[in-house]
Amino acid sequence: MRPFPIAPIYHIISRLGLRVGHEPRDGQPAIAWETGTWVTSRQAAPLPHDAINLQCVDISKSKVERTWEEVAGYPLAVDPLTTAGRLVAKPEENARHGGRILSGPLKRRRKGWVYERLVDCLVDGQICTMRLMTAGGHLAVAYEKFRPEPQWFGGTRLAIPRTPDQLFSAQEQGLLRRFAAAMHLDYGEMDVLRDQSTGLIYVVDANRTPTRPPGLAEKDWASVYDLQAEAFKALLQPWGLA
């Protein structure tokens with residue numbers, strides 16, 4: 001696919017003197033841009049072997065859950081048939097926006113859905129989530145996002161740019177880099193929640209085709225894209241463009 005102009009990648013590459021082409025060519029940087037959950041071998045076939053995100057073929061919720069537990073050592077997923085109390089049910093596929101809060105234990109699992117702990121991320125009566133941009137192993141910029149309770153799964157009113165150091169410890173940043181590497185996410189963004197009772201972070205989504213977050217003030221666009229472009233340079237080194 002070709003990225004939509006609203007995608008940050010457009011602003012990133014324009015700052016680096018590049019543009020979006022019509023077809024991939026050997027000797028030029030390419031990116032596996034697919035908004036779906038899975039990338040098939042047929043979709044990947046036209047791309048050069050060194051295309052960015054070429055190995056990031058699965059960003060399903062269950063893949064994120066498994067990878068997070070392997071890397072972090074503690075789970076996001078729960079068993080809905082034995083878990084008592086509130087839990088989150090979400091569609092397996094990317095960008096479905098169908099999350100809901102249920103009360104367990106449930107009588108049965110729903111096909112095509114995953115079940116996760118409800119991370120307590122309420123801060124001063126607002127649901128606080130974080131989104132972190134990564135490129136070539138670098139954590140470039142983060143957003144702290146707020147929306148009113150009980151809008152757990154949408155309706156961001158405010159997105160504030162932050163440095164990774166403002167939101168995550170050095171140990172947590174190392175963990176987030178390892179997660180991105182395990183997902184083969186060369187470029188993209190991760191949605192991160194922090195549990196207020198334990199202080200633990202959880203990655204709940206990985207996005208290889210990010211768009212500008214709702215609620216980000218226009219005055220912040222230039223500085224945010226400048227930071228992202230600087231980080232993206234690491235991915236262009238194989239082509240001598242960094």
Side-chain angles (χ1 to χ4, degrees), residues 1-40 43-59 93-97 129-145 154 156-164 176-177 180 183-192 205-242:
M1 299 173 64
R2 289 182 54 147
F4 294 115
I6 194 175
I9 192 69
Y10 258 87
H11 301 274
I12 291 171
I13 65 172
S14 67
R15 281 163 166 75
L16 299 175
L18 304 175
R19 63 180 176 82
V20 176
H22 290 278
E23 60 183 24
R25 297 180 182 178
D26 290 334
Q28 295 184 353
I31 187 168
W33 193 269
E34 167 55 47
T35 59
T37 305
W38 298 276
V39 176
T40 67
Q43 289 171 318
L47 293 170
H49 73 280
D50 52 3
I52 296 165
N53 278 351
L54 184 61
Q55 303 304 316
C56 188
V57 297
D58 182 355
I59 55 170
E93 295 182 25
N94 183 45
R96 286 279 302 279
H97 305 294
T129 66
M130 297 170 287
R131 175 163 275 223
L132 181 64
M133 182 269 193
T134 181
H138 299 277
L139 305 180
V141 64
Y143 307 101
E144 196 170 22
K145 306 195 300 181
T156 296
R157 301 284 181 84
L158 179 65
I160 303 173
R162 303 292 193 194
T163 67
L176 292 164
R177 282 192 291 266
M183 290 289 295
H184 303 288
L185 186 67
D186 303 322
Y187 161 74
E189 296 182 359
M190 299 172 281
D191 286 325
V192 189
D205 192 27
N207 192 335
R208 68 169 99 79
T209 57
T211 59
R212 187 177 65 243
L216 180 66
E218 188 173 352
K219 66 179 179 62
D220 293 322
W221 293 0
S223 60
V224 163
Y225 295 141
D226 287 346
L227 289 169
Q228 294 191 15
E230 187 63 29
F232 199 83
K233 287 181 181 179
L235 292 172
L236 300 178
Q237 290 178 355
W239 294 275
L241 298 173

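Only heavy atoms go into these numbers, but all of them, side chains included; no hydrogens, no water, no symmetry mates.
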Listed partners of [X] passing side chain to side chain donor-acceptor pair (under 3.5 Å), at least two apart:
X: E144; answer: R162
X: R131; answer: E189, D191
X: N94; answer: none

From [X] atom [atom1] to [Y] atom [atom2], the distance as rounded to the nearest 0.5 Å:
X: T129; Y: D205; atom1: OG1; atom2: CG; result: 11.0 Å
X: E34; Y: T40; atom1: CD; atom2: OG1; result: 8.0 Å
X: L54; Y: L47; atom1: CG; atom2: CG; result: 6.0 Å
X: H138; Y: Q228; atom1: NE2; atom2: CD; result: 14.0 Å

Before you tell me yes or no, could you show the steps for L236 and L18 under side chain to side chain contact (heavy atoms under 4.5 Å, CB included), namely the whole-Å CA-CA distance, both residues' side-chain angles and the distance that decides it to 0.1 Å? CA-CA 11 Å; L236 300 178; L18 304 175; 3.8 Å; yes
Smallest separation among heavy atoms of [X] and [Y], with atom names:
X: P214; Y: A159; value: O-CB, 3.5 Å
X: Y143; Y: P161; value: CD2-CA, 4.2 Å
X: P24; Y: A30; value: CB-CB, 4.3 Å
X: C56; Y: L185; value: SG-CD1, 4.0 Å
X: G36; Y: R208; value: O-NH1, 2.9 Å
X: L132; Y: P164; value: CD1-CG, 4.1 Å

Not counting sequence neighbours, list each pair that qualifies as a salt bridge (charged side-chain N to carboxylate O under 4.0 Å, His left out) and has a residue in residues 217-226. R15-D226
Can you sort out the partners of H184 under ring-ring contact (aromatic ring centres under 6.0 Å, His included), two or more places apart, ordered by chain and number? none
For the pair L176 and T134, evaluate side chain to side chain contact (heavy atoms under 4.5 Å, CB included) and give the outcome as yes or no after the intermediate values. CA-CA 9 Å; L176 292 164; T134 181; over 6 Å; no
Please collect all ring pair (Phe, Tyr, Trp, His ring centres under 6.0 Å) contacts where either partner lies in residues 217-238, sequence neighbours excluded, each pair once. H11-Y225, Y187-F232
Which is it for M133 and L227 under the side chain to side chain contact (heavy atoms under 4.5 Å, CB included) test, yes or no, and what are the steps along the way? CA-CA 10 Å; M133 182 269 193; L227 289 169; over 6 Å; no
Flag, side chain of R177 to backbone of L139, donor-acceptor distance under 3.5 Å: no
Under the 3.5 angstrom rule, does the side chain of D58 hit a backbone N or O of W38 as a donor-acceptor pair? no
Pairs involving residues 16-32, ordered by first then second residue, that meet side-chain hydrogen bond (donor to acceptor under 3.5 Å, both in side chains) (sequence neighbours left out): R2-H22
Those residues that, when tested against [X], pass side chain to side chain contact (heavy atoms under 4.5 Å, CB included) (two or more places apart):
X: S14; answer: none
X: V57; answer: V39
X: T209; answer: W33, T35, N207

Please tell me if the side chains of V20 and I13 come closer than 4.5 Å, counting only heavy atoms from C-beta onward. yes
Is T156 close to P213 at the side-chain level, that is, under 4.5 Å between some pair of heavy atoms? no
What pairs with E230 under salt bridge (charged side-chain N to carboxylate O under 4.0 Å, His left out), at least two apart in sequence or on another chain? K233
